[in-house]
2 protein chains.
Amino acid sequence: MSVTLKDVAQAARVSVSTASRALTGTGLTSDRTQQRLVRIARELGYRPNPIARGLKTGQSRLVALLVHNLTNASFQVMAEVVQARLKALGYQMLLCIGGDDPQQESDTLTTLVDHRIDGLIVVPTGKNGAQLKTLAKDVPIVCLVRRDDATDLETVLADDPQGAYLGTRHLIELGHTRIGLIVGRQDTTSGRERLSGYVRALREAGIARDDTLIHAGHYVPETGASCCRKLLDLSRPPSAIFVANHEATLGVLRVTAERNIAIPDDLSLLCYEDMPWFEWHRPAISIVDNGARDLANLAVDRLLHRMDAKGNGSEGVREYRVGARLIKRDSCRQVDTPAPARSAKPKSSSSKSSAAKSAKA
Amino acid sequence: MSVTLKDVAQAARVSVSTASRALTGTGLTSDRTQQRLVRIARELGYRPNPIARGLKTGQSRLVALLVHNLTNASFQVMAEVVQARLKALGYQMLLCIGGDDPQQESDTLTTLVDHRIDGLIVVPTGKNGAQLKTLAKDVPIVCLVRRDDATDLETVLADDPQGAYLGTRHLIELGHTRIGLIVGRQDTTSGRERLSGYVRALREAGIARDDTLIHAGHYVPETGASCCRKLLDLSRPPSAIFVANHEATLGVLRVTAERNIAIPDDLSLLCYEDMPWFEWHRPAISIVDNGARDLANLAVDRLLHRMDAKGNGSEGVREYRVGARLIKRDSCRQVDTPAPARSAKPKSSSSKSSAAKSAKA
DNA sequence: CTGTTAGCGCGTTCAT
DNA sequence: ATGAACGCGCTAACAG
């Protein structure tokens, strides 16, 4: 069916071992036979069998990427980046979808090590720390986007505290003082950190934290919808909403559409993580970009590093941050600051703001 | 490091082969030892090594899915479906991204067979027919969404002729007579078929085909933008645009936004293939659904079938169609038919319906 | 029903 | 520098 090393050896009238050495380039062969074998192998269309090689070497040229889903735009670009990077190095990517479900994650992990993957980039649920820790002894692992607190694995994180801070500050600078926050579950790294960034920006601006403006929930559109409704139903609703829970964005958009709320005229909207259509949407949606591409690239870098330095356990930096950045588009507008209510906390009753036309640039 | 079959055999005081038979369940062992071995294996935490097994059996429990990208929403759901289905059967999905690039596709294909994949579902570029044909001798292959005309591989297609027909007819029924079409490359199955469906609907309605209204192009947003501009710049621009090139949709939306064209008031818009945000968009975008989920499921079914019936070459049906369906939302509106310019086939002249407010249901 | 033997394709000792 | 022999972990022939 397919030509084996033996075939090449026979054609070249050498032993399999010489053929092996010549083709793997261990340098223990004369240049002449080396080149001859390479040529013959190519002529015969020889392709080394990764299975057989793997059985011997314990490697598979397979690297796994385990993410929660493919709907999340960040995971999409990460998958594409990882696949491209790895392919260039002769690895095949094994993309797995864990659904943010601990059980599924656990199952997948065992399957993966069964297949003797050479490396793993994982967005952990956080519930399988023990298992991950064990696996890490056998195979290089890099955590991405989320940290698993039960482990001390090398981790590549977005700079969520900064991102949320930047976004919130942006809204504050536009004059908003009541800023709704819809954020992810507080048992996840990003959920907590984005909240903290939001709080910090508020505190710096001397704005009192109002917990009725803060909603945390699961990573689904429905979260966005229900939280958004709650915010809008407040006696004093926010003038801006910061949707720092990526998947909740759709729900928020639905509710604002349902209620005929004009963005940004009636409500400013800032989202976290880009989606391809955000910039084509009308109005184009301003975002805090988490740098998915950079995150993936860095994760690959770190993984390759650990795969090279095989055997090395723990040493040096174990956590990296990829900076976030604010991308202003058209979904946030300047509002009248009724009065520089900065002193202690005597907000001036924001009577009413006639019409601050959308300041587009 | 990990416990092998030998370890289990020793612990049970039997030979490796007995252990193998007992655990693989070939039934050639006494029930007693069978169960005993299963128990011992579990106690020891034995996990069979797929690499070693693969070397022997020539199988890998790996099934590849090769798509063009992950941005296309259809490919996303296909990937998720395929992964879920396969995992349930003990296979691992090897997701590969070919970028609709023949060279990349070719490279990936060879890598995949190197890894001795047990099956392949591929969205072919159409330029590697010969290679696919060769590979098909070694591994079951099912083509998805696109046909590779150079092969006679089993193929699961969307019913694009019907989908395009349904969509076009919908617009016609709403009173549109000048319907712009932005469609995919004519060297692809779907590109051609969608055009044909559009043409058929027009013909049935007795509307003359106007080639200035028809644009075909590559699967990128830019295509949508430039084609959309051309359509709008026509002396007699269309009252509706059917974007039957999925990835071009974003470009169309941008242009309409740039030009401040209200949808559906100024222009009706119908798109092909759903995206998660279409229904949250404002207005919610009507679409022709290609049934990505069904397509993927059927492809998996067919692949599994061929993987079971190993050795069987060609027999029976080789092409399947998954029906398309129209999903009406809010981006298409009824228009006044200015005058029954219908001579040829005098359908009932529905002279005018002054203001048929967007028929929302 | 079980144990022995052989070999999948390759890398890596040993010798030479 | 090269060849012979061994074994990775497992399954599938063959005997018994």
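In what follows, chains carry the letters A, B, and so on, assigned in the order in which the sequence lines appear, proteins first and then strands, with residues in each chain numbered from 1.
- Relative to the side chain of B:Thr57, the nucleotides D:dT11, C:dT12, D:dC8 differ in distance, and D:dT11 lies closest.
- Taking atom CD1 of B:Ile51 as the reference point, atom C1' of C:dG9 lies 13 Å away to the nearest angstrom.
- In the displayed structure, B:Arg321 atom CZ is contacted under 6.0 Å by more than 12 heavy atoms of other residues, nucleotides or ligands.
- Between the CG atom of A:Leu37 and the P atom of D:dA1 there is a distance of 15 Å, given to the nearest Å.
- Comparing the P positions of D:dC10 and C:dC1 gives an interatomic distance of 24 Å, to the nearest angstrom.
- Using a 4.0 Å cut-off, no side-chain N or O of B:Thr24 falls inside it from OP1 or OP2 of D:dC10.
- Contact annotation for A:Val16: no contact, since no heavy-atom pair falls under 4.0 Å across all strands.
- Within a 6.0 Å radius of NZ in B:Lys87, other residues, nucleotides and ligands contribute more than 12 heavy atoms.
- Contact annotation: side chain of A:Arg21 to base of D:dG3, donor-acceptor pair present below 3.5 Å.
- Regarding contacts with the backbone of D:dT2, a side-chain N or O of A:Thr33 is found under 4.0 angstrom from either OP1 or OP2.
- One finds a salt bridge joining B:Arg85 and B:Asp301 here, because a Lys/Arg side-chain nitrogen approaches an Asp/Glu carboxylate oxygen to under 4.0 Å.
- The side chain of B:Ser30 approaches C:dC1 more closely than any other nucleotide in the set C:dC1, D:dG3, D:dG9.
- Side-chain proximity of A:Thr18 to C:dC10, C:dC8, D:dG3: nearest is D:dG3.
- Between the CG atom of B:Asp7 and the C1' atom of D:dC10 there is a distance of 13 Å, rounded to whole Å.
- The nucleotide whose nearest atom lies closest to any side-chain atom of A:Leu5 is, among D:dA12, D:dA4, C:dG11, C:dG11.
- In this structure, CD of B:Gln34 is placed 12 Å from C1' of C:dC1, rounded to the nearest angstrom.
- Across all strands shown, A:Thr29 has heavy atoms under 4.0 Å from sugar-phosphate atoms exclusively, and none from any base.
- B:Leu55 comes within 4.0 angstrom of a nucleotide base, judged by non-hydrogen atoms across all strands.
- Residue A:Val14 has its side chain nearest to D:dG3 when only D:dG9, D:dG7, D:dG3 are considered.
- Using a 4.0 Å heavy-atom cutoff across all strands shown, A:Ser20 reaches at least one base atom of the nucleic acid.
- In summary, B:Arg146 and B:Asp148 do not engage in a salt bridge, as defined by a charged side-chain N under 4.0 Å from a carboxylate O.
- Look at A:Arg53 and you won't find any side-chain N or O under 4.0 angstrom from OP1 or OP2 of C:dG9.
- Taking the side chain of A:Asn49 as heavy atoms from C-beta on, and the options D:dC8, C:dC10, D:dC10, the nearest nucleotide is C:dC10.
- Side-chain N or O atoms of A:Gln131 include one that pairs as donor or acceptor with a backbone N or O of A:Ser106 at under 3.5 Å.
- Between the CZ atom of B:Arg116 and the C1' atom of C:dC10 there is a distance of 12 Å, rounded to whole Å.
- Across all strands shown, B:Thr4 has heavy atoms under 4.0 Å from sugar-phosphate atoms exclusively, and none from any base.
- A donor-acceptor contact closer than 3.5 angstrom links the side chains of B:Asp107 and B:Gln103.
- In this structure, A:Lys6 places its NZ atom 10 Å from C1' of C:dC8, rounding to the nearest Å.
- Candidate nucleotides C:dC10, C:dT2, D:dA1 were compared by shortest atom distance to the side chain of A:Pro48, and C:dC10 ranks first.
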